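All figures in this text were calculated on a predicted structure; none of them were measured in a lab.
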Amino acid sequence: MGESIRFRLAEIAAHLDGELIGDGNQSILGVAGIREAQSGEITFLGNPRYEEWLAKTRASAIILPRNHPFNGRPGISVKDPYIAFQMVMELFHPKQRHIPPGIHSSALVGRNVCCGQHAAIGPHVIIGDRCRIGENTTILPGVVIAADVSIGSDCLIYPNVVLREGTELGNRVLVHSGAVIGADGFGFVNRGGEHQKIPQLGRVVIEDDVEIGANTCIDRATTGATIVRRGTRIDNLVQVAHNVTIGRHSILCAQVGIAGSTAVGDGVTLAGQVGIVGHIEIGDHAMVGAQGGVTKSVPPGAKVSGYPATQHSLAKRMYAGMRHLPDLLKDVRELKRRLDKLDGKED
């Protein structure tokens, strides 16, 4: 628990615009999940599966949904406990600069580079010619930025990220360690039995308020641009191929792979390990379940899963049916034996 920050429960309730229940003078020193919370911390209940932990938690206060009984424990009643807990976490862990503004003496900066006010360039960063770094943007140690890259304001680039030439990042973009943005797309043509590389002449455009997870790769377009639109969140270990377009406020979970020239709409959710073939469309607000293999376009609002991906409700029935296959095969063999006996074919 952080000892340097302390709030009264009443102050937190006012910050959340929630209803205070119990002693408003209860001192809160930190935040934690309902299972690991200790005395002096505030926690929350956002999922009914953790209901049993209400009686077990050691937290001094709890955030609960409206109309949920408190059982004598002080706390705060709110419309959405998840959002409220996020706001409380931000109270106790305000954003801080990782490194001071300015360019570290060990950084290598090319010609005609423009850095905005209060930008911070960390140790051993390499920046190519003609790059633009926005105001209040932080580039942490070991980042490599090729020529003609543009990075907006209030961005945070974690160590060992690579931004290839021509890449464009909007404002408030967060890129986690090891991500590679703008690598060559995987494009080859078979000529005389040999795979000849197709020049990858395009770029990557990342719009405002996008987060890109660790070791994710987003490839440059063959021509034109690979685009990730505003507000989208991309998890770790995701592969986005050349000329893919991802719409606004979509979610790509870990190990998703999207082949070239596919268009993903707004508000789409791709669960873990989803694989999508190239040159198709995933409609707005569609959902693909974990490990789904998408081989054809998905209409807006559809929920699909399985391989090949099909309507989620049907896929669940299919998977449930597969568990009965051994018994079904046994029954079929028995029926065949009886039929053979009736036909006089049995030895």
Side-chain angles (χ1 to χ4, degrees), residues 108 110-112 126-132 142-151 157 160-170 173 175-207 210 212-229 232 234-247 250 252-265 268 270 273-282 288 291-298 307-309:
L108 299 179
R111 297 170 298 174
N112 300 318
I126 299 175
I127 302 178
D129 297 341
R130 300 175 300 279
C131 289
R132 300 179 62 85
V143 172
V144 177
I145 301 173
D148 301 302
V149 169
S150 174
I151 302 175
I157 314 299
N160 301 320
V161 166
V162 175
L163 304 178
R164 286 280 303 277
E165 56 273 13
T167 293
E168 179 181 334
L169 271 57
V173 173
V175 185
H176 289 276
S177 296
V180 178
I181 303 176
D184 285 1
F186 194 68
F188 300 88
V189 61
N190 193 304
R191 183 183 298 170
E194 296 183 357
H195 297 296
Q196 301 291 325
K197 186 178 180 66
I198 299 172
Q200 304 296 296
L201 306 178
R203 62 192 184 117
V204 174
V205 175
I206 309 294
E207 294 187 349
V210 169
I212 297 170
N215 295 319
T216 281
C217 296
I218 303 175
D219 291 347
R220 67 176 49 252
T222 305
T223 60
T226 301
I227 302 174
V228 180
R229 299 206 182 278
T232 282
I234 300 178
D235 200 356
N236 302 332
L237 298 167
V238 170
Q239 164 64 23
V240 178
H242 56 189
N243 293 95
V244 167
T245 299
I246 300 173
S250 289
L252 279 64
C253 298
Q255 299 182 2
V256 163
I258 306 176
S261 300
T262 283
V264 177
V268 169
L270 303 179
Q273 295 187 333
V274 163
I276 301 177
V277 302
H279 303 274
I280 65 172
E281 296 183 3
I282 310 298
V288 183
Q291 296 188 329
V294 184
T295 59
K296 59 183 180 180
S297 292
V298 176
Y307 180 84

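If you run side-chain contact (heavy atoms from CB on, under 4.5 Å) between I258 and each of V238, V277, I246, only I246 comes through. Just one of E194, Q196, H195 meets the side-chain contact (heavy atoms from CB on, under 4.5 Å) condition when paired with V189; it is Q196.
Listed for the R220 side chain is a donor-acceptor partner under 3.5 Å among the backbone atoms of E165. Looking only at distances, no side-chain donor or acceptor of S261 sits under 3.5 Å from a matching main-chain atom of H279. With hydrogens and angles disregarded, no donor-acceptor distance shorter than 3.5 Å links the side chain of D235 to the backbone of G213. Although no hydrogens or angles enter the test, the distance criterion places a donor-acceptor pair under 3.5 Å between the side chain of N236 and the main chain of A214.
With respect to K197 and D184, a salt bridge is recorded, a charged nitrogen being found less than 4.0 Å from a carboxylate O.
With a 4.5 Å cut-off on side-chain heavy atoms, I206 and L169 count as touching. E207 places none of its side-chain heavy atoms less than 4.5 Å from the side chain of T232. Residues I151 and L163 have side chains in contact (heavy-atom distance under 4.5 Å, counting atoms from C-beta outward).
Taking a 6.0 Å sphere around CZ of R132, one finds it holds 12 or fewer heavy atoms contributed by other residues, nucleotides or ligands. Within 6.0 Å of the OH atom in Y307, the count of heavy atoms belonging to other residues, nucleotides or ligands does not exceed 12. No more than 12 heavy atoms of other residues, nucleotides or ligands shown are found within 6.0 angstrom of CD on E281.
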